[in-house]
Structures are given as C-alpha cells and as structure tokens.
Amino acid sequence: MNFKQAEILICINKYQNITKCGEYLGIKQPTVTFHMKNLENEMGVVLFEHNIGKVLLTDAGEALLHYAEKIVLLTKDAEKLMKSFSLNEMRTFKLGGSMIPSKYILPKFLSGFKNKYPNLRISLTTLSAPIICEMVSKFELDLGIVSITEEKNFDNLGFHYIDTDEMVLVYSPKSNLAQYYGEINSEIISKQPFILHDKNSTTGTLTNRWAKENNIILNPYLEASSTEIIKSMVVNNVGISVLPLICVEEEIKNKKLLYMNLFNNSFQRNIYLVYNKERVMLPVVKEFIDYFKSSFELTCFRY
C-alpha cells in the first residue's frame with residue numbers, strides 16, 4: 001500500500017463517495033477507481049462495497065484503515081522533518097500544554113530556554129490534557145506537558161514523570177475556617193460555602209471523589225470553569241475550594257491564602273512530558289526534555 005492508496009482509503013471512509021474523494025485529493029474519479037482496484041489486487045481481498053449510492057469499507061477495509069492512517073501520518077511527519085533541515089529554514093517547535101502547566105510552569109521555564117535556543121520559534125497550543133495527548137499521538141505536536149491522574153492509553157506515547165501536581169484545600173485568612181487551623185475535619189468543611197469547579201473538569205471530579213471518600217457534604221455556593229476565577233473568589237472570602245498548589249503559591253507566600261493538605265486523599269495527579277515514541281526525536285526536543293527536568297526541580301516553590 002503506497003501513500004496515495006492510503007489517502008484514498010481514508011477519504012473513502014470519510015466521504016463514502018468516489019467523486020468527493022477525488023475532489024478532496026485533487027484527482028479525477030477514474031484515477032481514484034484505478035487506485036482502489038490496484039489496492040484490492042495487492043491485498044488480495046475486497047476492501048470496498050457499493051451500497052445505495054455509497055462506497056463503504058468492508059471489514060477487511062476497516063482493518064486496513066488503521067495502517068493507512070499510520071502511513072499518511074508518518075509520511076507527512078517525515079516530510080515536515082526533512083523540510084525543517086532545509087537550508088535557512090527556521091525550525092518551529094510545536095509544544096502543547098494543558099491549562100495548569102501552560103500557565104504556571106512553562107513561562108518560568110521558557111524564559112531560560114530561549115537564551116539557549118534564540119533562533120527557535122515555539123508554537124504553544126493550550127488545550128485539555130486528553131486533547132494534547134491525542135495531538136502528540138497524531139504527530140501534530142512535537143511534545144506535550146500535561147497534568148493528568150494517569151498515563152493515557154496511547155500505544156505510541158511515552159511519558160516522562162516530572163512531579164506531583166498536589167491538590168490542596170485553600171481558604172482566605174478572613175474565613176471562619178482559619179480559626180480551626182490544625183483542627184479542620186469533614187464536619188467543619190461541610191459547613192463552609194464551597195466554590196465548585198466545573199463538574200466536567202479533572203479538578204472538579206477529583207474534588208468530588210475526595211469529598212465522598214471522607215463523608216464531606218459540599219455546600220456549593222458558586223460553580224466556575226476558570227481556576228483563576230475560583231482563586232479570586234477564595235482570596236476575597238466568597239468561599240473555600242480545592243486547587244492545585246502550584247497555582248496558589250504566590251498567594252500563600254503573600255499571605256492572601258491559607259491552605260491545608262487534603263487528608264485521607266487516595267488520588268494523585270502528576271505532571272508529565274508526553275512524546276511520540278514512533279517519532280525521531282530531534283536533538284532540540286531531547287535538550288528541551290533534559291533542560292525542563294533540571295529546571296523544574298530548581299524553580300518549583302516548595303513548602
């Protein structure tokens with residue numbers, strides 16, 4: 001199966017129409033049909049079936065689709081890699097990060113890294129951790145940095161553990177929770193107004209799990225999807241909440257917030273560098289990983 005045949009198999013699966021497939025690939029309908037027949041002859045099985053004006057993949061065609069997608073991804077990645085070695089081409093390093101690492105880790109790190117590679121352009125994509133992992137898996141990103149509860153199930157991904165993304169209970173010094181410092185328990189927390197995370201967020205899911213395991217009945221006052229908004233609400237004593245320690249370090253240091261570790265906490269969220277094991281790792285990516293690991297240990301605030 002060559003590249004063009006792989007492209008056609010993918011397009012037929014997507015459009016279920018030979019004409020639309022040809023239009024998308026910029027080739028004529030007879031050329032599409034020619035490649036389809038040649039592919040079936042090479043494989044020795046029927047890959048396509050016509051059904052009421054549609055062209056569908058057979059079971060064999062669907063089984064082959066996975067390999068076709070790999071061929072297209074790897075070929076395009078190889079072309080981009082070779083292009084980056086062309087004369088006078090400035091390499092763009094495509095980096096992806098989930099919300100917390102992008103905001104609280106990468107800025108401090110990149111300020112030092114740019115001195116080592118002044119001619120390197122970085123394209124940063126900030127999305128949820130599952131999407132970043134998927135983009136690295138599909139060769140759309142060179143590297144990702146994500147905060148997740150467990151390594152995602154991608155056969156072609158590798159994970160470099162960086163550190164634990166510790167979650168803590170935070171509250172304002174003006175909160176009546178402050179008078180119970182050192183004696184805070186489930187009953188006391190249940191009586192406080194609570195700022196909830198979006199129920200679909202990882203932090204929200206983990207907070208609810210921790211509360212349930214410790215018989216805490218959360219008293220919701222407000223729900224927000226932004227970590228910064230939740231932090232601002234807690235600083236202004238609107239309520240208490242659970243937040244990643246890394247995102248409240250400055251407020252704790254400046255005594256705008258108090259915090260306590262989550263007692264009887266059975267879950268753990270970690271920060272990982274994510275890379276594609278099927279991709280040739282460029283020297284700059286290796287340098288990035290090594291520099292990141294050493295710098296992160298030096299720059300993270302610890303209590």
Side-chain angles (χ1 to χ4, degrees), residues 97-108 126-132 145-150 162-272 300-303:
S98 58
M99 305 302 173
I100 296 300
S102 292
K103 182 172 180 61
Y104 297 102
I105 295 176
L106 284 176
K108 291 186 290 185
T126 302
L127 292 166
S128 66
I131 294 177
I132 293 297
I145 173 171
V146 296
S147 177
I148 51 178
T149 53
E150 59 185 10
I162 298 298
D163 203 356
T164 299
D165 184 13
E166 185 178 357
M167 310 293 290
V168 294
L169 183 74
V170 291
Y171 53 99
S172 167
K174 298 177 183 178
S175 167
N176 61 17
L177 197 62
Q179 66 181 301
Y180 298 104
Y181 185 79
E183 301 176 354
I184 298 173
N185 56 34
S186 299
E187 183 180 355
I188 294 172
I189 293 173
S190 298
K191 295 178 181 178
Q192 308 301 314
F194 205 92
I195 311 298
L196 291 172
H197 294 263
D198 184 331
K199 61 183 179 181
N200 294 321
S201 70
T202 303
T203 304
T205 300
L206 296 179
T207 299
N208 288 328
R209 187 190 304 173
W210 172 71
K212 185 176 181 180
E213 289 179 355
N214 289 278
N215 297 316
I216 298 171
I217 302 173
L218 296 178
N219 179 22
Y221 177 74
L222 181 132
E223 180 177 317
S225 58
S226 166
T227 298
E228 287 300 301
I229 290 175
I230 292 174
K231 180 167 67 173
S232 180
M233 292 290 179
V234 178
V235 167
N236 288 281
N237 199 25
V238 176
I240 67 174
S241 192
V242 171
L243 288 169
L245 177 58
I246 196 170
C247 82
V248 291
E249 290 174 345
E250 286 300 317
E251 287 76 13
I252 292 171
K253 186 177 180 180
N254 296 326
K255 303 188 184 305
K256 292 181 179 180
L257 285 177
L258 299 176
Y259 83 104
M260 62 164 277
N261 295 321
L262 301 184
F263 51 79
N264 301 326
N265 180 20
S266 64
F267 64 80
Q268 180 171 296
R269 190 162 70 173
N270 297 320
I271 298 169
Y272 296 94
C300 264
F301 194 89
R302 285 291 174 265
Y303 297 92

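Pairing each heavy atom of Ile145 with each of Pro101, the nearest pair is CG1-CB, 3.6 Å. Here the shortest heavy-atom pairing between Pro220 and Leu218 reads CD-O, 3.0 Å. Shortest non-hydrogen contact noted between Ser175 and Gln192 is OG-OE1, 4.1 Å. Between Ala178 and Pro173, the shortest heavy-atom contact is CB-O, 3.6 Å. Residue Ser147 comes nearest to Ala129 through the heavy atom pair O-CB, 4.0 Å, listed as atom of the first residue, atom of the second, then distance. Ile189 and Trp210 make their closest contact through CD1-CH2, 3.8 Å (heavy atoms, listed as atom of the first residue, atom of the second, distance).
Thr203 places none of its side-chain heavy atoms less than 4.5 Å from the side chain of Thr227. Under the 4.5 Å side-chain criterion, counting only non-hydrogen atoms from C-beta, Phe194 is not in contact with Ile216. Put simply, the side chain of Asp165 does not reach to within 4.5 Å of the side chain of Tyr272, judged on heavy atoms. The shortest distance between side-chain heavy atoms of Val248 and Lys231 falls below 4.5 Å.
Environment of CG in Leu222: crowded, with over 12 heavy atoms of neighbouring residues, nucleotides or ligands closer than 6.0 Å.
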(request) Walk me through it: do Glu213 and Asn264 pass the test side chain to side chain contact (heavy atoms under 4.5 Å, CB included)? (result) CA-CA 8 Å; Glu213 289 179 355; Asn264 301 326; over 6 Å; no

(request) Begin with the C-alpha distance, continue with both residues' side-chain angles, and end with the deciding distance and a verdict on side chain to side chain contact (heavy atoms under 4.5 Å, CB included) for Leu169 and Leu262. (result) CA-CA 6 Å; Leu169 183 74; Leu262 301 184; 4.0 Å; yes

Check: residues 234-244 side-chain donor-acceptor pairs under 3.5 Å, at least two apart:
unit_1: Asn236; atom_1: ND2; unit_2: Ser232; atom_2: O; d: 2.8
unit_1: Ser241; atom_1: OG; unit_2: Ile195; atom_2: O; d: 2.8

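Interatomic distance, OG of Ser225 versus CE of Met99, reported as 9.5 Å (0.5 Å rounding). With values rounded to the nearest 0.5 angstrom, Leu257 atom CG is found 7.0 Å from Ser172 atom OG. Separation of atoms OG (Ser186) and CG (Asn214) is listed at 5.0 Å; rounding is to 0.5 Å.
A search for salt bridge (charged side-chain N to carboxylate O under 4.0 Å, His left out) contacts involving Glu187 returns Lys191, not counting sequence neighbours. Shown here are the side-chain contact (heavy atoms from CB on, under 4.5 Å) partners of Leu206, two or more places apart in sequence or in another chain: Thr149, Thr202, Arg209, Phe267, Arg269. Take Glu166 and apply the side-chain contact (heavy atoms from CB on, under 4.5 Å) test, not counting sequence neighbours, and it matches Val168, Leu245, Asn261. In this structure Ser128 satisfies the side chain to side chain donor-acceptor pair (under 3.5 Å) test with no other residue, sequence neighbours excluded.
Residue pairs meeting the side chain to side chain donor-acceptor pair (under 3.5 Å) criterion with at least one partner in residues 215-224, sequence neighbours excluded, do not occur; the list is empty.
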